[in-house]
Chemist: 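The structure is given below, and queries will be raised subsequently.
The first residue in the sequence is number 1, and the count goes up from there.
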Amino acid sequence: ELNVSPNTVSWYAAKLGIKSPHRFTSQLERNLVQDIQNMYRGTVLTSARDVIPPKELDIYLPDASIAIEINGTFWHGEMHGKSQSYHLDKTIACADKAIELYHFSDNDITFNYDIVTNIIRSALGLNQCIDAKTLNLVCLSDQQQSAFFDKHHLEGSAPASVAYGLTTADGEVVIATAFAETGHGMQYQIIRIASAFNVTVVGGTSRLFNYFCCNNTPASMIAYSDNQFESGDAYRDLGFTFTRLTPPEYRYFKRNNSSTTHSRHDFQLSLLKDKVDTFDPELSEWENMQANGYDRIWDCGYSEWVWTAQ
């Protein structure tokens, strides 16, 4: 009746120190739960508070040891009490109980729903399996690899030195891997691995990696798995060694429009004067951003993997 959203009411309640006895469940979360129940026959629990108490898990699949968090960007900002380690702490707490936790933002679900559900389907082992040996190996053009990763990878495409894919007889790419020269200590970096929707290519990543090594003879390689939604098992299976966990990083968003986030690199203190409406050289980057109506949300960091030729 008042034309005020639940988010607005909850924000002012939190600001005034008023705690709601009810947990607001978004339509995004309800839709995702329904789709998981449609594809998966195991138990699906929501708002699970007894798995890693006192923390809550939005969705928990105990039979598969998988949990899913839907992180509303607005509500998971630092100004709502979500510190640098908040999301990573949940991931570690789950890992301590042999539970794999996947973090997706509301923007991931809104704008990349097919990718999100494909990640979940793959984790649950529900995909159609195809033997890599039955597929054709091709070098992908910049346009081909960009289109494939934009469609199938949650982080989209990235500039690559070379990308290879496996295709069906009719030319459809079902898995691809992209490599880039690093220009520093490690000679190459694997920057993207992705499969087509509803498909698991058995031995696919290994075949593409081995082909790259045979044709480029790298001395060393590095790769990073996003701890929000990647286990890093693909790199371990290729013979990479885990070397370190990088600290969580943040992205900025306008408090009145959390549907778009911005890299922290775009708002470094040295650049802020020309980026924001009001700039105070006596304030830090974070203080200036808050003064201009921004909040920030932290990720879970990355796992770093290193490979060296034998």
Side-chain angles (χ1 to χ4, degrees), residues 52 55 57 64-71 76 82-105 108 112 115-116 118-120 122-125 149 152-160 163 175-195 200 204-206 208-209 212-213 218-251 261 263-265 296-310:
I52 51 168
K55 298 178 175 68
L57 295 173
S65 296
I66 287 174
I68 300 163
E69 283 285 281
I70 301 169
N71 301 329
H76 283 250
K82 305 303 189 289
S83 67
Q84 177 178 2
S85 65
Y86 177 82
H87 299 108
L88 179 59
D89 287 345
K90 271 195 170 182
T91 296
I92 293 173
C94 282
D96 288 343
K97 296 196 172 185
I99 298 168
E100 191 164 355
L101 176 57
Y102 292 81
H103 292 268
F104 301 111
S105 72
D108 291 332
N112 292 296
I115 300 177
V116 169
N118 194 59
I119 291 172
I120 296 170
S122 179
L124 292 171
F149 290 118
H152 297 102
H153 198 286
L154 206 51
E155 294 180 326
S157 60
I175 187 172
T177 303
F179 304 83
E181 295 184 74
T182 65
H184 51 78
M186 292 292 138
Q187 189 178 2
Y188 287 97
Q189 178 179 342
I190 297 180
I191 55 172
R192 293 289 185 270
I193 300 174
S195 296
T200 294
T205 304
S206 176
L208 294 172
F209 177 75
F212 172 82
C213 290
S220 59
M221 262 187 276
I222 194 167
Y224 294 92
S225 54
D226 190 328
N227 294 321
Q228 294 179 110
F229 55 86
E230 294 178 317
S231 67
D233 287 346
Y235 300 115
R236 185 181 290 108
D237 292 344
L238 292 175
F240 282 67
T241 300
F242 170 78
T243 50
R244 70 184 179 107
L245 190 68
T246 70
E249 295 188 354
Y250 55 85
R251 293 183 67 86
T261 61
S263 168
R264 65 184 181 86
H265 300 293
R296 61 184 179 183
I297 183 169
W298 293 87
D299 62 20
C300 298
Y302 287 75
S303 292
E304 182 183 86
W305 303 86
V306 168
W307 175 92
T308 53
Q310 300 299 316

Chemist: Any chance you could measure Leu101, atom CG, to Ile52, atom CD1, to the nearest 0.5 Å?
Modeler: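 Between Leu101 CG and Ile52 CD1, I get 7.0 Å after rounding to 0.5 Å.
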Chemist: Without hydrogens or angle criteria, can the side chains of Thr91 and His103 be said to hold a donor-acceptor pair below 3.5 Å?
Modeler: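 Yes.
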Chemist: Which atom pair, heavy atoms only, marks the closest approach of Ser303 to Asn227?
Modeler: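 Reported closest heavy-atom pair: OG-OD1, 2.8 Å.
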Chemist: Closer than 3.5 angstrom, by distance alone: can the side chain of Arg251 be matched with the main-chain N or O of Thr261 as a donor-acceptor pair?
Modeler: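 A pair under 3.5 Å: yes.
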Chemist: Side chains of Leu245 and Glu304: does their closest heavy-atom pair fall under 4.5 Å?
Modeler: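 No - every pair of side-chain heavy atoms lies 4.5 Å or more apart.
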Chemist: Side-chain contact test, heavy atoms from C-beta onward, threshold under 4.5 Å: evaluate it for Glu100 versus Cys94 and give yes or no.
Modeler: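 The answer is no, as the side chains (C-beta and beyond) never meet within the 4.5 Å cut-off.
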Chemist: To the closest 0.5 Å, what do you measure between CD1 (Ile175) and OG (Ser195)?
Modeler: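 Ile175 atom CD1 to Ser195 atom OG measures 3.5 Å (nearest 0.5 Å).
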Chemist: Between OG of Ser105 and CD1 of Ile70, what distance do you get to the nearest 0.5 Å?
Modeler: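 If I round to the nearest 0.5 Å, the distance is 10.0 Å.
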Chemist: Which heavy-atom pair separates Ala309 from Pro218 by the least distance, and what is that distance?
Modeler: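 Reported closest heavy-atom pair: CB-O, 3.6 Å.
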Chemist: Could you go through Lys55 and Asp89, starting from their C-alpha distance and side-chain angles, then the distance that decides it, and tell me whether this counts as side chain to side chain contact (heavy atoms under 4.5 Å, CB included)?
Modeler: CA-CA 10 Å; Lys55 298 178 175 68; Asp89 287 345; 4.3 Å; yes
Chemist: In Å, rounded to the nearest 0.5 Å, how long is the span from CD1 of Ile92 to OG of Ser85?
Modeler: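 Separation between the atoms: 8.5 Å.
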Chemist: Which heavy atom of His76 sits nearest a heavy atom of Ile297, and at what distance?
Modeler: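 What the structure gives for the nearest pair is O-CG1, 3.5 Å.
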Chemist: Is there a ring pair (Phe, Tyr, Trp, His ring centres under 6.0 Å) between Phe212 and Phe179 once you walk through the steps?
Modeler: CA-CA 9 Å; Phe212 172 82; Phe179 304 83; 3.8 Å; yes
Chemist: Side chains of residues 232-240: which donor-acceptor pairs under 3.5 Å do they make with residues two or more places apart or in other chains?
Modeler:
residue: Asp233; atom: OD1; partner: Arg236; partner atom: NH1; Å: 2.7
residue: Asp233; atom: OD2; partner: Ser231; partner atom: OG; Å: 3.3

Chemist: Are side-chain heavy atoms of Glu181 and Gln187 found at a separation under 4.5 Å?
Modeler: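 Not touching, per the 4.5 Å side-chain cut-off.
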Chemist: With a 4.5 Å heavy-atom cut-off, do Ile119 and Glu230 have their side chains touching?
Modeler: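 No. Closest side-chain heavy atoms not under 4.5 Å.
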Chemist: Can you confirm whether Gln189 sits close enough to Tyr224 that some side-chain heavy atom of one is under 4.5 Å from a side-chain heavy atom of the other?
Modeler: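 Yes - at least one pair of side-chain heavy atoms lies under 4.5 Å apart.
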Chemist: What are the two closest non-hydrogen atoms of Leu88 and Pro248, and how far apart are they?
Modeler: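 What the structure gives for the nearest pair is CD2-CG, 4.0 Å.
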Chemist: Are Tyr102 and Phe229 an aromatic pair by the rule of ring centers under 6.0 Å?
Modeler: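 No - the distance between ring centres of Tyr102 and Phe229 does not fall below the 6.0 Å cut-off.
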Chemist: Check whether the side chains of Ser220 and Trp307 place a donor and an acceptor atom closer than 3.5 Å, and report yes or no.
Modeler: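 Absent: no donor and acceptor within the cut-off.
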Chemist: What I'd like to find out is whether the side chain of Thr177 reaches to under 4.5 Å of the side chain of Arg192, using heavy atoms alone.
Modeler: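 In short, these two side chains do not touch, never coming nearer than 4.5 Å.
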Chemist: Ignoring hydrogens, what is the shortest heavy-atom contact between Phe209 and Met221? Give both atom names and the distance.
Modeler: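 The answer is CE1-CE, 3.1 Å.
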Chemist: Within 45 degrees of the axis of the six-membered ring of Tyr250 and under 6.0 Å from its centre: does Arg296 put its NZ or CZ there?
Modeler: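 Judged by the rule (NZ or CZ under 6.0 Å from the ring centre, within 45° of its axis), Arg296 counts as positioned above Tyr250.
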Chemist: Rounded to the nearest 0.5 Å, how far apart are CD1 of Ile222 and OG1 of Thr243?
Modeler: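 Going from CD1 on Ile222 over to OG1 on Thr243, the span is 6.0 Å.
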Chemist: How close do Pro159 and Ile191 get, heavy atom to heavy atom, and via which atoms?
Modeler: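 Looking at all heavy atoms of both residues, the shortest contact is O-CD1, 3.0 Å.
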Chemist: Which value, rounded to the nearest 0.5 Å, describes the distance between Ile115 atom CD1 and Asp108 atom CG?
Modeler: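 If I round to the nearest 0.5 Å, the distance is 8.5 Å.
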Chemist: Answer whether the closest heavy-atom distance between the side chains of His87 and Asp299 falls below 4.5 Å.
Modeler: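 Of all side-chain heavy-atom pairs linking Asp299 with His87, none is under 4.5 Å.
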